[in-house]
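Numbers here simply count residues along the sequence, with the first being 1.
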Amino acid sequence: MNRRTRWGWLGLLLLAALLGFFGVWPLVSVLGAALSAGPAELLRSELQVALLETLGLAIGVTILAVPLGAALAFVVERTDTFVGGESVGVTTLLTLPLAIPPYLLGMAWALLGNGKSGVLNRLSEAPIIDLYGRDGMILTLTTAAYPLAFLSVQAALQRADPSLEEAARVAGGRPLVVLRTVTLPLLRPALAASAGMIFVFTAAAFGVPYLLGTPADPPVLVLTTRIFREVSLGGELAKSRAAIASLLLLSVAGLVQLGLGLWARRHSVIQVGGKASRPSPFRTGRARGPLRGLVYTFLALGVVLPIGTITYTSFLASFGELDRLTFQQWREVLSREETWRAFGNATLLAVSAGALVAALGFLLARSAQRSQPGRALAAIAELPYAVPGTVLAIGLLLSFSQEVRLILAERITFVLALPGTLGLLWVAYGVKHLALGIRTSQAALRQLHPSLEESARVAGAGPVRAVTDVVLPLARPAVVASFVIVALPCLSELTMSVLLFGAGTETAGTLLFELQSYANPPAASVIATMTVVVAIAGDLGLKAWARRAQGARP
C-alpha cells in the first residue's frame, strides 16, 4: 500500500468517525433516552393526543396538497392554458413558497386571520375567519407544501412518454378518459413520492403548529410543539419525554415513507419508449379563460396576499392602526444591536454550513464513485436528511449537553464544548443538509466521462491534480448550486435553531420567533420582510444562474 493509498484510507476513516460522532450518535442517543424512560411514559395521554394530532394534521395537509399541486402541474405542463414565457413565470410564482420559511407563511395568515384582531376581521363589521386551531394549521401548511407535489408531478409529466397519450387520443379517447386511464397511472410513483414528502414535511413542522396551534382555545399540540415544551421545562425527565416524542415522530415518518415507497414500486408503469418530443397540449377551449383566472386567483390569495400582508404590517406604527404607515418600526428594529447580531450569526452559519456541505458533499460523492466503502459512507451521511429536524436537534442536545473530553497518550486533551454555541448550530445545519451536497455532486459526476480524467493522468497529472484541474472545474456548477441550496434555508432556519441556540447566538429565525411570541407583529414583520426579500432574491438568482448554465452547455 503506497503513501497516497494510506492517506486515502485515513481520510475515509476520519470522515467515518466524524459522521458517526455528529450524525449517527445523536440518533442513538435519542433511542437510548427514549428506552430508558420506560413504557409508562409512552402511554401518557398527552403524548398519545399529540401523536393523533400530528397524524391528523399530516394526513389532512397531504390530502389537500397532493391533488392541488398535481392539478396545477397538469394545467401548466399539459394544457394550453399558459404558453411561452407566461408558463415560466407562473411556474416561478407557484414554487415561490418553497423559498419562504413556512413559519413566515403562518405568521402572515395569523396577521390576516386572527379571530379577534386579524386584518380581514377588522376590515369587516363582524369576524369572518379564525385561523387559530387545526383548520388554520392545515390551510397554512397546505399553501407551504403544495409546491412539493407540483414539482414532482411536473417532472414526471416531462419524463412521461408522449406516444402513450397520443395513441389514446388517436384511438378516440376523450381528454378525461385519457387522463384517467393513461396519465394518472404514469404519475403514480410521483404522486406517492410527493405524498411521502408532504406527510413528513407536515409531521416535522414546528413553526406553524406553534404559532397557530398553541394559542388556540383549546390548544392544539402536535409532537414537535410537545417536544419544544418539554425541552423548555428542562430536567432529565423532560429530556426523556422529548426523546420519546422524537422517536415516535421518527417512526411515523419512516413508516409512511416506507409504505408509500413500496406502493409506488408495486404500481409503477414501465414505459417502453423514451420521450422523443413534447406532447401536444390538451386544448382547453372556452375553459382556458376560467382556468387562467382560477390559477391567478390562487396565486393572489395563496402567495401574494401573505407576503404582502407581512410587508404592509412592517410599516404600521402599531398593529392597532391599519391606516397609519410609518418607517418607525424599521428604524427601531434596524437600530437594535440584537438585530444585526442575529443576522450576522445567521449569515455566518449559512455561509459556513453551505461551504461545508458543498466541499464535503463533493468529497463524499467522489469517494462513492470510486469505492464500495465510499458508497457506504455516503449512505451514512445521507441518513440525517431523512430525520425530522426536531429529532436531530434533540439528539444533539442529548449528546452534547456537556463538554466532551478526549485525552490522547495521557498528555494531550481535546475539549469540545458545544452547548449553546454557534458551533452546535453549525453542526446541526451541516449534518442535516449534507445529503443535498452529496446528491448534487453525484448527479454532476455521473455526467463526466471517465476518459476526461484518464487523459489528464496519461498527460502526467497525479490523482489530486487530475481532480482539481479536470473534474472539479466541470463539476463546479453543481458544487456552487449545493452551496446556495443549503445556505438559503439555513439563513432563516427555525426548527433546529429554536431548540439549540443560546445567549448571544440568536439567528434571524429565533429573533423572529421571539418577536412574534412576545406580541410585537410590526417589529416581527420587519424581520420577516427582510428574510423574505433575501430568500426570494436568492431563489430567483439561483434559478436564473441555472438557466444560464443550462443554456451555455454545448
Side-chain angles (χ1 to χ4, degrees), residues 96-97 99-114 116-123 131 140 207-208 210-212 214-215 300 303-352 422 425 487-495 497-498 501-541:
L96 194 56
I100 303 172
Y103 182 71
L104 295 186
L105 292 176
M107 177 181 161
W109 286 110
L111 293 173
L112 284 166
N114 188 310
K116 298 179 180 179
S117 59
V119 174
L120 293 179
N121 292 328
R122 290 164 61 187
L123 293 176
L131 293 180
T140 302
V208 173
Y210 180 86
L211 184 63
L212 299 179
T214 304
V303 179
V304 177
L305 179 61
I307 296 176
T309 300
I310 290 176
T311 305
Y312 181 81
T313 305
S314 70
F315 291 101
L316 296 178
S318 67
F319 197 57
E321 302 174 276
L322 296 181
D323 57 348
R324 184 185 170 193
L325 301 181
T326 177
F327 284 96
Q328 175 187 343
Q329 293 294 339
W330 282 86
R331 287 192 295 268
E332 290 183 1
V333 171
L334 294 179
S335 65
R336 296 173 185 169
E337 180 183 350
E338 63 176 341
T339 301
W340 296 105
R341 183 173 63 245
F343 272 93
N345 290 338
T347 303
L348 175 62
L349 288 168
V351 171
S352 58
L422 289 176
L425 288 170
L488 281 178
C490 287
L491 191 63
S492 56
E493 204 282 333
L494 175 66
T495 302
S497 302
V498 77
F501 86 102
T505 63
E506 302 89 347
T507 65
T510 60
L511 178 60
L512 175 63
F513 179 79
E514 290 182 354
L515 288 174
Q516 184 66 22
S517 299
Y518 289 126
N520 191 350
S525 295
V526 173
I527 304 296
T529 302
M530 295 169 63
T531 305
V532 168
V533 169
V534 173
I536 292 177
D539 181 66
L540 295 178

Does the pair Leu316 and Leu325 meet the rule for a side chain to side chain contact (heavy atoms under 4.5 Å, CB included), with working shown? CA-CA 5 Å; Leu316 296 178; Leu325 301 181; 3.7 Å; yes
Side chain to side chain contact (heavy atoms under 4.5 Å, CB included) between Leu334 and Trp340: does it pass, once the steps are laid out? CA-CA 7 Å; Leu334 294 179; Trp340 296 105; 4.2 Å; yes
Checking side chain to side chain contact (heavy atoms under 4.5 Å, CB included) for the pair Thr309/Trp109: CA distance, chi angles, key distance, verdict? CA-CA 8 Å; Thr309 300; Trp109 286 110; over 6 Å; no
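Note: Thr140 OG1 to Leu212 CG = 5.0 Å, rounded to the nearest 0.5 Å. Atom CG of residue Leu494 and atom OH of residue Tyr103 lie 6.5 Å apart, to the nearest 0.5 angstrom. Between Ile100 atom CD1 and Ile307 atom CD1 the span is 3.5 Å, to the nearest 0.5 Å. Going from atom CD of Glu493 over to atom CG of Leu488 covers 13.5 Å, rounded to the nearest 0.5 Å. Summarising the geometry, atom CE belonging to Met107 is positioned 11.0 Å from atom CG belonging to Leu112; distances are rounded to the nearest 0.5 Å.
Between Ala487 and Ala350, the closest heavy-atom pair is O-CB, 3.4 Å. The two residues Ala508 and Ala346 have their closest heavy-atom pair at N-CB, 3.8 Å. When all heavy atoms are compared, the tightest approach of Asn345 to Gly504 is ND2-O, 3.3 Å.
Applying the salt bridge (charged side-chain N to carboxylate O under 4.0 Å, His left out) rule to pairs touching residues 329-338 yields Glu337-Arg341, sequence neighbours excluded.
Screening Leu348, Leu512, Leu349, Thr347 against Thr507 for a side chain to side chain contact (heavy atoms under 4.5 Å, CB included) leaves a single residue, Leu349.
Judged by distance alone, the side chain of Thr339 and the main-chain N or O of Ser335 form no donor-acceptor pair under 3.5 Å.
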Show me the donor-acceptor pairs, under 3.5 Å and distance only, between side chains in residues 522-533 and residues at least two apart or in other chains.
residue, atom, partner, partner atom, Å
Ser525, OG, Pro521, O, 2.8
Thr529, OG1, Ser525, O, 2.7
Thr531, OG1, Ile527, O, 2.8

